[in-house]
Structure formats: C-alpha cells, structure tokens
Amino acid sequence: MEEPATHEFDFALINEYFVELERQGPGSPEATIRALSFIGNLSNESKIVDLGCGTGGQTMVLAQNTKGTITALDLFPGSIDKLNVNAGKLGLRNRVKGIVGSMDNLPFQNEEFDLIWSEGAIAQTGFEKSLNYWKGFLKKGGFLAVTYESWFTDERPAEIEKWWVDAVPEIATVGHNVSVMQKAGYVPVAAFTLPENCWIDTYFIPQKTRQEEFLKKYEGNKIVEDFIAFMRQEAELYSKYKQYYGYVFYIGKKYK
Ligand SMILES: C[S@@+](CC[C@H](N)C(=O)[O-])C[C@H]1O[C@@H](n2cnc3c(N)ncnc32)[C@H](O)[C@@H]1O
C-alpha cells in the first residue's frame with residue numbers, strides 16, 4: 001500500500017499534535033530577524049500581516065523587532081487562541097491580534113499592508129497563486145517575506161523527489177521561485193536558505209517528546225501511529241537528503 005502524504009491525515013489530528021509546539025514548521029528567531037533586516041521603512045503606523053501564523057512563534061519575534069501592528073491569521077482556531085494568550089503574556093496584546101481565516105480568502109482591504117509575512121505556509125494555498133493574490137493587499141512599495149520548500153539542485157534522488165512532490169506538487173528550484181516572484185510583480189530583494197538548526201533544533205527535536213505523548217495517548221490507534229511514522233520519516237529523510245532541499249526565505253518588494 002502507498003504511504004499516506006501529510007495532507008491525507010486529518011486536519012484536527014495534525015493541529016492537535018502541533019498546537020503544543022512553539023513552531024509548526026522549520027524556522028528560528030535568527031532567521032526571522034535576518035529576513036527583517038532586508039525590509040525598510042517600517043514605522044509605528046505600519047501594518048503587518050502574518051499569514052498561516054500557527055501558534056505564532058515567528059509572530060512574536062516579528063512584534064519584538066518591528067513597530068506598528070500585526071494581524072496574524074490561521075485556519076486553525078486552537079492555534080489562534082494560543083497565539084492571543086501568548087501575545088498577552090508578552091505584553092503585546094495592543095500590537096498583535098490573531099484571527100481565524102483562510103489565506104486564500106483574506107478579510108482585508110486592498111493595499112492595506114506595508115508587510116506581508118508567511119513562514120512555512122504558502123505551499124498550502126500555492127506559491128504562485130498566493131503571491132499573485134496577496135499582492136493586492138500590499139501597498140505599492142510594500143514588502144513580502146515568505147519561506148517556502150525549495151530544491152537546491154536541478155536533480156535529486158527519486159526517493160526524496162517523490163516525497164516532496166507528493167507533499168508540495170509545485171515544489172521548484174530557488175532560481176525558478178525567484179523568477180515566479182518577479183513575474184508576480186515583486187522586485188526580488190533577497191533569497192536565503194534557512195540553516196540546518198531551523199529544521200533540527202526548532203522543528204524536529206521539540207517533536208520527539210510530542211511523538212511519545214501522542215503514541216501513549218492514542219495507543220493502538222493505527223491512524224495516529226501512521227501519522228507519527230510519517231513525521232519521523234520527514235526527519236530521517238532530511239538527515240539523508242538535506243543537501244538537495246530546504247526552506248528558503250524569499251523577500252520581495254511590490255513595485256506597482
Ligand atoms: C507548517 S505550519 C507553519 C506555522 C508557523 N508559521 C510556523 O512557521 O511555525 C502551516 C500553518 O498554515 C496553516 N494553514 C494551512 N492552510 C491554511 C489556510 N488555507 N489558511 C490559513 N492558514 C492555513 C496551518 O493551520 C498551519 O498553522
């Protein structure tokens with residue numbers, strides 16, 4: 001039998017697993033701050049949106065390193081509840097607001113934002129399609145910064161090719177993605193690869209305890225066992241094939 005891809009697991013199950021983790025995808029405070037360093041012109045008046053924010057690991061880093069207000073949007077209400085509680089704990093409630101919504105049906109005005117942020121989420125609604133759609137919500141001269149799964153080489157072993165094409169059918173090389181961004185109406189400002197610690201220290205290692213907890217809580221549940229096996233395989237494949245792929249931060253500026 002074919003192994004299931006992540007999107008075939010239940011949305012509620014995936015979110016129950018991830019909601020207790022600080023990050024739901026690869027990334028780190030250092031990478032978020034590095035991406036921010038390419039973005040100019042933010043002020044107290046700036047409006048920022050973080051799309052597919054999850055529980056808001058990167059949202060809080062953004063808030064602590066920018067001025068202005070941040071709206072953070074995610075489809076999963078449990079993550080948004082957690083984000084709003086965390087914003088309160090960090091004294092950021094007046095600048096950070098989490099809302100439930102879908103990245104492909106945004107409840108915002110045209111040209112409302114100075115900065116659109118999205119870490120690890122754009123593949124869910126499609127890289128090219130979302131870059132085009134989101135641009136409408138960005139002011140002229142505004143910035144967009146997204147992380148996205150990308151190939152580092154033109155060729156790779158069949159095992160890893162199949163895994164990623166199943167998960168992200170649109171996955172492409174860094175060069176291709178930069179040209180897609182340019183075609184969508186953004187001047188490419190920077191593209192950099194997330195270092196390994198963004199996968200290992202903040203994504204794979206924190207999952208280990210969660211996996212044990214889940215297997216205990218759902219002992220004998222085949223769907224949960226398959227899901228955990230899938231998550232463990234993601235980590236094994238990364239250690240085997242990390243020279244071929246990773247997340248890349250793409251930063252662009254809307255020019256018209
Ligand atoms: C890999 S996680 C990344 C979360 C967070 N940005 C991070 O880097 O830790 C992807 C997030 O996208 C959210 N998501 C998936 N489809 C979505 C959609 N259509 N609209 C909004 N959020 C969505 C998921 O609920 C999840 O929180």
Side-chain angles (χ1 to χ4, degrees), residues 5-36 48-63 70-84 86-87 96-108 113 115-134 137 144-150 164 167-171 193-195 197-207 210 227 230-231 234-235 238 245-250:
T6 20
H7 52 266
E8 291 169 34
F9 292 109
D10 186 58
F11 184 68
L13 176 74
I14 297 172
N15 282 295
E16 184 192 342
Y17 174 83
F18 275 114
V19 77
E20 294 306 325
L21 298 169
E22 194 177 325
R23 300 232 28 152
Q24 290 77 50
S28 71
E30 294 74 24
T32 298
I33 291 168
R34 184 171 175 208
L36 259 179
I48 301 169
V49 67
D50 182 6
L51 300 175
C53 56
T55 57
Q58 74 292 317
T59 318
M60 303 308 152
V61 176
L62 266 180
I70 304 181
T71 304
L73 174 142
D74 199 281
L75 204 52
F76 183 57
S79 292
I80 292 300
D81 289 345
K82 191 140 198 173
L83 181 147
N84 283 325
N86 287 343
V96 174
K97 185 174 177 216
I99 60 168
V100 176
S102 187
M103 299 184 291
D104 56 6
N105 186 18
L106 295 175
F108 306 124
F113 294 103
L115 172 59
I116 294 181
W117 205 267
S118 182
E119 294 194 30
I122 195 169
Q124 305 282 342
T125 45
F127 185 69
E128 183 166 8
K129 183 174 154 220
S130 304
L131 288 182
N132 281 302
Y133 173 56
W134 295 353
F137 298 93
L144 168 127
V146 300
T147 64
Y148 181 48
E149 299 88 334
S150 310
W164 275 108
V168 181
E170 212 188 351
I171 186 169
T193 303
L194 293 194
N197 76 300
C198 288
W199 287 81
I200 295 167
D201 299 343
T202 53
Y203 184 56
F204 292 139
I205 291 180
Q207 285 185 51
R210 193 74 188 125
F227 173 65
F230 179 87
M231 296 311 298
E234 184 185 23
Y238 182 73
Y245 70 96
Y247 269 90
V248 171
F249 236 121
Y250 296 94

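Counting starts at 1 for both ligands and their atoms, in listed order. Below, each value reflects all heavy atoms present in this structure, side chains not excepted, and no hydrogens, waters or symmetry copies.
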Protein contact to [atom] [nearest heavy atom, distance to 0.1 Å]:
atom: atom 2 (S) of ligand 1; value: Gln24 CB, 3.6 Å
atom: atom 4 (C) of ligand 1; value: Gly52 O, 3.4 Å
atom: atom 7 (C) of ligand 1; value: Gln58 OE1, 3.2 Å
atom: atom 8 (O) of ligand 1; value: Arg23 NH2, 2.7 Å
atom: atom 3 (C) of ligand 1; value: Glu119 O, 3.5 Å
atom: atom 22 (N) of ligand 1; value: Leu75 N, 3.2 Å
atom: atom 10 (C) of ligand 1; value: Gly120 O, 3.6 Å
atom: atom 20 (N) of ligand 1; value: Met103 N, 2.9 Å

Please state which part of [X] comes within less than 4.0 Å of ligand 1, counting heavy atoms only: side chain, backbone, both or neither.
X: Thr125; value: side chain
X: Cys53; value: backbone
X: Gln124; value: side chain

> For Met231 and Phe18, which heavy atoms make the closest approach, and how far apart are they?
Replying inline: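 Answer, listing the atom of Met231 first, then Phe18: CE-CZ, 3.6 Å.
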> Which of these passes side-chain hydrogen bond (donor to acceptor under 3.5 Å, both in side chains) with Gln24: Asn15, Asp74, Thr55?
Replying inline: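 Testing Gln24 for a side-chain hydrogen bond (donor to acceptor under 3.5 Å, both in side chains) against Asn15, Asp74, Thr55 leaves exactly one candidate, Thr55.
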>> I'd like to know whether Leu131 forms a side chain to side chain contact (heavy atoms under 4.5 Å, CB included) with Leu144, so could you lay out the CA-CA distance, the side-chain angles of the two residues, the decisive distance to 0.1 Å, and finally the verdict.
In response: CA-CA 9 Å; Leu131 288 182; Leu144 168 127; 3.6 Å; yes
> Touching ligand 1 at all, Gly101? Heavy atoms, strictly under 4.0 Å?
Replying inline: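 Judged by the 4.0 Å heavy-atom criterion, Gly101 does count as contacting ligand 1.
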> Any non-hydrogen atom of Ser79 lying under 4.0 Å from ligand 1?
Replying inline: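 No.
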>> Checking the N or O distance criterion of under 3.5 Å, is ligand 1 in contact with Ser102?
In response: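 Such a contact does occur with ligand 1.
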>> Show, in sequence, the C-alpha distance, side-chain angles and deciding distance for Asp50 and Thr71, and conclude whether the side chain to side chain contact (heavy atoms under 4.5 Å, CB included) test is met.
In response: CA-CA 6 Å; Asp50 182 6; Thr71 304; over 6 Å; no
> By salt bridge (charged side-chain N to carboxylate O under 4.0 Å, His left out), which residues pair with Lys97, not counting sequence neighbours?
Replying inline: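 With neighbours one apart ignored, the set is empty.
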> By salt bridge (charged side-chain N to carboxylate O under 4.0 Å, His left out), which residues pair with Glu16, not counting sequence neighbours?
Replying inline: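 Result, salt bridge (charged side-chain N to carboxylate O under 4.0 Å, His left out) vs Glu16: Lys217.
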> Would a line drawn from the ring center of Phe249 to the ring center of Tyr148 be shorter than 6.0 Å?
Replying inline: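 Distance test on ring centres: not under 6.0 Å, no.
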>> So that I know where these two stand, are Phe113 and Phe137 an aromatic pair - ring centroids less than 6.0 Å apart?
In response: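 Between Phe137 and Phe113, which both carry aromatic rings, the centre distance is not below 6.0 Å.
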> Can you tell which of Leu51, Asp74, Leu83, Thr59 gets a heavy atom nearest to atom 13 (C) of ligand 1?
Replying inline: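 Nearest heavy atom to atom 13 (C) of ligand 1 lies in Asp74.
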>> Do the side chains of Lys129 and Glu170 get close enough for a salt bridge, i.e. N-O under 4.0 angstrom?
In response: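 Here Lys129 does not pair with Glu170 in a salt bridge, since their nearest N and O are not under 4.0 Å apart.
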> If you count the non-hydrogen atoms of other residues, nucleotides and ligands that lie under 6.0 Å from CD in Glu22, is the total more than 12?
Replying inline: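 12 or below, so no.
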